Amino acid sequence: MGVSPVEIIRAEGLGYKYHDTDEEGLWALSEIDLSIAEGEFVAVLGPNGSGKSTLAKHFNALLLPTSGKMWVGGMLTGEEKNHWQIRQLAGMVFQNPDNQIVATTVEEDVAFGPENLGLPSEEIRQRVAEALEIVGMSAYRQHAPHLLSGGQKQRVAIAGVLAMRPKCLILDEPTAMLDPRGRTEVMETIGRLNKEGITVILITHFMEEAVAADRVIIMEKGKIVMTGSPQETFLRVEELRALGLDTPPVVELANQLRSAGVEISPSVLTVDDLVEQLCG
Ligand code: ADP
Ligand code: MG
């Protein structure tokens, strides 16, 4: 028998309203039930305004439920005494890398979090070096963050979160403002961290990024409307289209080849899969 997975995130009947009003339409989140296991890689998709960022902010107690309950690492986010620990356990990376720069050198920037934890300076130095190594930015430790490329800045932002030694990394459209190269750098970094055991929750509007996840969650109007493996999810082309979402280009190509009579397994998600199917 396998060891049962440890749950790191749990939501039960989670609802959230930005304003204190009785109007029905103003729930940014409603009836969210969710369980995420330690080590999982979950991608969250959905149209603009569907509640993705609002949900993300519940994962590290930046927002607290209006109704229902949210646990992170077994701790209720509704209890203020838990916030300190929750925010170390679950770190957030946001869309705009420029808004996340807090210091004048990369090294100081990454040290900001651990310094706020009041750690001894030797420990801080060690954590900063390690975090920069993991994101492949050690060579830039003395550089000015604002002069880096977008992809490099986001990797520094990720290092800043890693220096807190989180178990869970929440990234809210971290590649939205990056060029293709920066996107690749960030996605490779995320993939590597997940392989090393960090739980990843990636909000994205790039379908091809969601393909790398273990599980996809699709939101609409504040609710979870679909959840499943990328394979299952991206076969539901019509439903995705109705939500204004695309299928990843490779899956689209596989679907079209299949309708044209080419025999292709439904498990094709990446260029490599497709090549393997056609030539393997
Ligand atoms: P997404 O990230 O999927 O685009 P959001 O979580 O940002 O969606 O927004 C969900 C809903 O909450 C939207 O209707 C949005 O207009 C509303 N909303 C988001 N932020 C605020 C805010 N600070 N104040 C009031 N309403 C907000
Ligand atoms: Mg958002």
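This one's a predicted model, so the numbers in the text were calculated from it and none came from an experiment. As the structure lists them, so they are numbered: ligands from 1, and atoms in each ligand from 1.
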Engineer: Please confirm if an N, O or S atom belonging to N48, backbone or side chain, lies less than 2.8 Å from the Mg ion (ligand 2).
Structural biologist: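 No, outside the cut-off.
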
Engineer: Do any heavy atoms of G46 fall under 4.0 Å from ligand 1?
Structural biologist: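 Outside the 4.0 Å threshold, so no.
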
Engineer: Taking 4.0 angstrom as the limit and counting only heavy atoms of S50, give me the atoms of ligand 1 inside it, by number and element.
Structural biologist: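 That gives atoms 1 (P), 3 (O), 8 (O) of ligand 1.
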
Engineer: Where is the nearest protein heavy atom to atom 7 (O) of ligand 1: which residue, which atom, and how far?
Structural biologist: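 For this ligand atom, the closest protein heavy atom is S53 CB, 3.8 Å.
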
Engineer: Does E107 come within less than 4.0 Å of R125, counting only side-chain N to carboxylate O?
Structural biologist: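 Result for this pair is no, no salt bridge flagged.
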
Engineer: With L14, which of L55, I224, T77 fulfils side-chain contact (heavy atoms from CB on, under 4.5 Å)?
Structural biologist: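 For L14, the side-chain contact (heavy atoms from CB on, under 4.5 Å) test succeeds with only one of L55, I224, T77, which is L55.
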
Engineer: Before accepting this row, confirm whether a basic side-chain N of the pair E115/R127 lies closer than 4.0 Å to the acidic partner's carboxylate O.
Structural biologist: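 No.
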
Engineer: Does the residue A56 have a heavy-atom contact with ligand 1, meaning some pair of atoms that are separated by less than 4.0 Å?
Structural biologist: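 Heavy atoms of A56 never come under 4.0 Å of ligand 1.
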
Engineer: Do K223 and E31 sit within salt-bridge range, that is, some charged N less than 4.0 Å from a carboxylate O?
Structural biologist: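 Answer for the salt bridge query: yes.
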
Engineer: Atom 26 (N) of ligand 1: protein heavy atom closer than 4.0 Å?
Structural biologist: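 Under the 4.0 Å cut-off, atom 26 (N) of ligand 1 does have protein heavy-atom neighbours.
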
Engineer: Is D172 salt-bridged to K52, cutoff N-O under 4.0 Å?
Structural biologist: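 No, this pair does not count.
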
Engineer: Tell me which protein heavy atom sits closest to atom 8 (O) of ligand 1, plus the residue, atom name and distance to 0.1 Å.
Structural biologist: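 The answer is G51 N, 3.1 Å.
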
Engineer: In the single-linkage hydrophobic clustering (I, L, V, M, F, W, Y; side-chain heavy atoms under 4.5 Å), do M92 and M164 co-cluster?
Structural biologist: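 No; tracing contacts between hydrophobic side chains, which count when under 4.5 Å, never links both residues.
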
Engineer: May I ask whether atom 15 (C) of ligand 1 is less than 4.0 Å from at least one protein heavy atom?
Structural biologist: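 Not a single protein heavy atom is under 4.0 Å away.
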
Engineer: So if I count the atoms of ligand 1 from 1 in the order they appear, which ones are less than 4.0 Å from some heavy atom of P47?
Structural biologist: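 So the answer, numbered in order with elements, is 3 (O).
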
Engineer: Residue-level breakdown please: for H19 versus ligand 1, do any non-hydrogen atoms fall below 4.0 Å on the side chain, on the backbone, on both, or on neither?
Structural biologist: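 Only the side chain of H19 comes within reach of ligand 1.
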
Engineer: Count the heavy atoms belonging to other residues, nucleotides or ligands that lie under 6.0 Å from CD of E252, then report whether that count exceeds 12.
Structural biologist: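 Yes, CD of E252 has more than 12 neighbouring heavy atoms, counting only those of other groups under 6.0 Å.
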
Engineer: Nearest 0.5 Å please: distance from the CD1 atom of I9 over to the CD atom of E38.
Structural biologist: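 Rounded to the nearest 0.5 Å, the CD1-CD separation comes out at 10.5 Å.
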
Engineer: I'd like to check which ligand 1 atoms, numbered from 1 as shown, lie under 4.0 Å from a non-hydrogen atom of T54.
Structural biologist: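 Contacts of ligand 1 toward T54, numbered from 1: 5 (P), 6 (O), 9 (O), 10 (C).
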
Engineer: Run the numbers on D98 and K153 for side-chain contact (heavy atoms from CB on, under 4.5 Å), then give the verdict.
Structural biologist: CA-CA 8 Å; D98 291 312; K153 284 181 203 171; 2.7 Å; yes

Engineer: Provide, to 0.1 Å, the distance between atom 4 (O) of ligand 1 and the closest protein heavy atom, together with that atom's residue and name.
Structural biologist: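 Its nearest protein heavy-atom neighbour is G49 N, 2.7 Å.
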
Engineer: Got the closest protein heavy atom to atom 3 (O) of ligand 1, with its distance?
Structural biologist: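 For atom 3 (O) of ligand 1, the nearest protein heavy atom is K52 NZ, 2.8 Å.
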
Engineer: May I ask you to check if ligand 1 and A28 share an N or O to N or O distance below 3.5 Å?
Structural biologist: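 Between A28 and ligand 1, no N or O pair is found under 3.5 Å apart.
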
Engineer: Does R10 pair with E12 as a salt bridge, N-O distance under 4.0 Å?
Structural biologist: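 Result for this pair is yes, salt bridge flagged.
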
Engineer: For ligand 1, which is the ligand I care about here, please tell me if N48 has any N or O atom under 3.5 Å from one of the ligand's N or O atoms.
Structural biologist: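 For ligand 1, there is no N or O atom that lies under 3.5 Å from one belonging to N48.
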
Engineer: Which of the listed options, W27, Y18, Y16, holds the heavy atom that is closest to atom 23 (N) of ligand 1?
Structural biologist: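 The nearest heavy atom belongs to Y18.
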
